[in-house]
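Reading through the C-alpha cells given below for one structure.
Letters A, B, ... mirror the listed sequences (proteins, then strands); counts begin at 1.
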2 protein chains.
Amino acid sequence: MNEEIAAKCLSELGSPTRLSVFRLLVKAGPDGMVVGDIQRRLQIPASTLSHHIARLSWTGLVEQRRQGRQLHCSTRPGIMDDLITFLTAECCTGFDTADYADTTAA
Amino acid sequence: MNEEIAAKCLSELGSPTRLSVFRLLVKAGPDGMVVGDIQRRLQIPASTLSHHIARLSWTGLVEQRRQGRQLHCSTRPGIMDDLITFLTAECCTGFDTADYADTTAA
DNA sequence: ACTATATTTCTAGAAATATCGAAATATTAG
DNA sequence: CTAATATTTCGATATTTCTAGAAATATAGT
C-alpha cells in the first residue's frame, strides 16, 4: 500500500453506491454474494451495478469467481486492513484534539 | 460519522492531489501550513490548489484560519480517527485471510 | 440446437470534476 | 492612497464519471 494505491482505493470507496456494495460484501463474509442478489438487494439496474463492481475489481477491493451462471463477489481479504493501516500511519496526526487551535471560540 | 459522510470523506481523499495535501498537513501537525508553502512544496498552480483546499474544507477534513495575509490550513482534529473507526467497524470483515477461498491457486 | 437465466459490454447523454490563466479580493506596509 | 503580497474567484476547456437501456456473451438444461 502506498499513496497512489491508497488514493485509488479511497476514490473507489468514495462513491456511495460502491461503498454500499462493498459494505454489503463485508457483511456477507468470505462466501460473498452473487451479483444478482446484490442487485435485488440494492435495487440498482444490472448494467450500472456491473459497472461499479468492475471498478471495485480493477482496484482490487473485490474479487469475483464464477460458479456456473453466477458470479460470486467478495471483498479481497486484507485490502481493507492494508488501507486502514496506511491511513492510521500516514494520515493520522497522533496529536490530541486539545493540541489544536480552537477555531470555534468566539 | 455515517455511510454518507464516510463516502464524502473517502471521495475527497481519493484525489491524489488532495491526499498529498492532506498528508502534508498531517505531518505539519496542529500548526498546519500556509497555503503558499503548500503550493511551493507541491508545485501546484495557486488556483488549482485553492480549489482542492476548498473542497477539503467543505468536507470538514481541513480547517483554515487567517493570520494576516496568510491562510493557515490544518487537518481537522478527530475527523480521520472518526473515519478510521467507521471503516474498521463497518468495512472490515473480522474474518481471517485464511477463511477466504484461495482464488490464486491453479 | 434452442431456451432461459446471469452478467457484461456497448453506447451515449448528463452531470461532476480537474486544470489553470486572468482578474478580483483581502491584508499589510509605507 | 498606492504598492506589494497572499489567496480566491471567475471563466473556459478537457476529462472523467454516472446512469441505464439495448445488445452481446456465458452457462446450464432439455
Side-chain angles (χ1 to χ4, degrees), chain A residues 3-25 28 31-75 103, chain B residues 3-25 28 31-75 103:
Chain A
E3 184 162 334
E4 190 189 335
I5 295 175
K8 205 82 176 167
C9 290
L10 293 168
S11 168
E12 292 307 309
L13 292 175
S15 150
T17 302
R18 287 194 293 269
L19 186 57
S20 309
V21 171
F22 190 84
R23 286 189 61 194
L24 204 54
L25 292 178
D31 292 337
M33 280 177 84
V34 163
V35 174
D37 288 339
I38 300 174
Q39 199 224 314
R40 279 180 286 279
R41 180 69 172 279
L42 297 181
Q43 299 277 71
I44 304 169
S47 59
T48 303
L49 179 59
S50 182
H51 162 75
H52 288 299
I53 290 179
R55 294 191 56 122
L56 289 169
S57 258
W58 302 338
T59 321
L61 287 161
V62 160
E63 289 176 339
Q64 286 177 295
R65 53 192 185 287
R66 181 173 284 279
Q67 280 190 353
R69 273 181 287 200
Q70 300 179 316
L71 271 169
H72 285 258
C73 306
S74 55
T75 60
T103 53
Chain B
E3 184 161 335
E4 189 190 334
I5 295 176
K8 205 82 175 166
C9 290
L10 293 167
S11 168
E12 292 306 311
L13 292 176
S15 149
T17 302
R18 286 194 293 269
L19 187 57
S20 309
V21 171
F22 191 83
R23 286 189 62 194
L24 205 54
L25 292 178
D31 292 338
M33 279 177 85
V34 162
V35 175
D37 288 339
I38 301 174
Q39 198 224 315
R40 278 180 285 279
R41 179 67 173 280
L42 297 180
Q43 298 278 67
I44 304 168
S47 60
T48 303
L49 178 59
S50 181
H51 162 74
H52 288 299
I53 291 179
R55 295 192 57 121
L56 288 169
S57 258
W58 302 337
T59 320
L61 287 162
V62 160
E63 291 176 339
Q64 286 177 295
R65 54 192 186 287
R66 181 173 282 279
Q67 280 190 353
R69 272 181 285 202
Q70 300 179 317
L71 270 169
H72 285 257
C73 307
S74 55
T75 61
T103 54

Is atom CZ of A:Arg41 surrounded by more than 12 heavy atoms (other residues, nucleotides or ligands) closer than 6.0 Å? no
In whole Å, I'd like the distance from the [atom1] atom of [X] to the [atom2] atom of [N].
X       : N      : atom1 : atom2 : answer
A:His72 : C:dA6  : NE2   : P     : 12 Å
A:Leu71 : D:dA28 : CG    : P     : 12 Å
A:Ile44 : C:dT8  : CD1   : C1'   : 15 Å
B:Leu42 : C:dC20 : CG    : P     : 13 Å
B:Ile38 : D:dT7  : CD1   : P     : 9 Å
A:Gln70 : C:dT5  : CD    : C1'   : 9 Å
A:Gln67 : C:dT5  : CD    : C1'   : 16 Å
B:Trp58 : D:dT8  : CH2   : P     : 12 Å

Out of A:Thr48, A:Ile44, A:Leu25, A:Ile38, which residue meets the side-chain contact (heavy atoms from CB on, under 4.5 Å) rule with A:Ile53? A:Ile38
Of the options [options], whose atoms approach the side-chain atoms of [X] most closely?
X       : options              : value
B:Arg69 : C:dA6, D:dT7, C:dT27 : C:dT27
B:Gln64 : C:dT8, C:dT27, D:dT8 : D:dT8
A:Ser15 : D:dC18, C:dA6, D:dT8 : D:dC18

Between B:Gln39 and A:Arg66, which residue's closest nucleotide on DNA chain D lies nearer the 5′ terminus? B:Gln39
Would you say B:Ser11's side chain and B:Ala7's backbone share a donor-acceptor pair under 3.5 angstrom? no
For the residue pair A:Val35 and A:Gln64, establish whether any side-chain heavy-atom pair is separated by less than 4.5 Å. yes
With the side chain counted from C-beta on, respond yes when B:Arg65 and B:Ser74 share a heavy-atom pair under 4.5 Å apart, and no when they do not. yes
Strand-adjacent residues in residues 46-56 of chain A, judged by heavy atoms under 4.0 Å from DNA chain D: A:Ser47, A:Thr48, A:His51, A:His52, A:Arg55
Would you give the length of the straight line joining atom CG of A:Leu56 to atom CG of A:Leu19, rounded to the nearest 0.5 angstrom? 9.5 Å
To the closest 0.5 Å, what do you measure between CD (A:Glu63) and NE2 (A:His72)? 14.0 Å
Does D:dC18 have its OP1 or OP2 closer than 4.0 Å to a side-chain nitrogen or oxygen of A:Arg18? yes
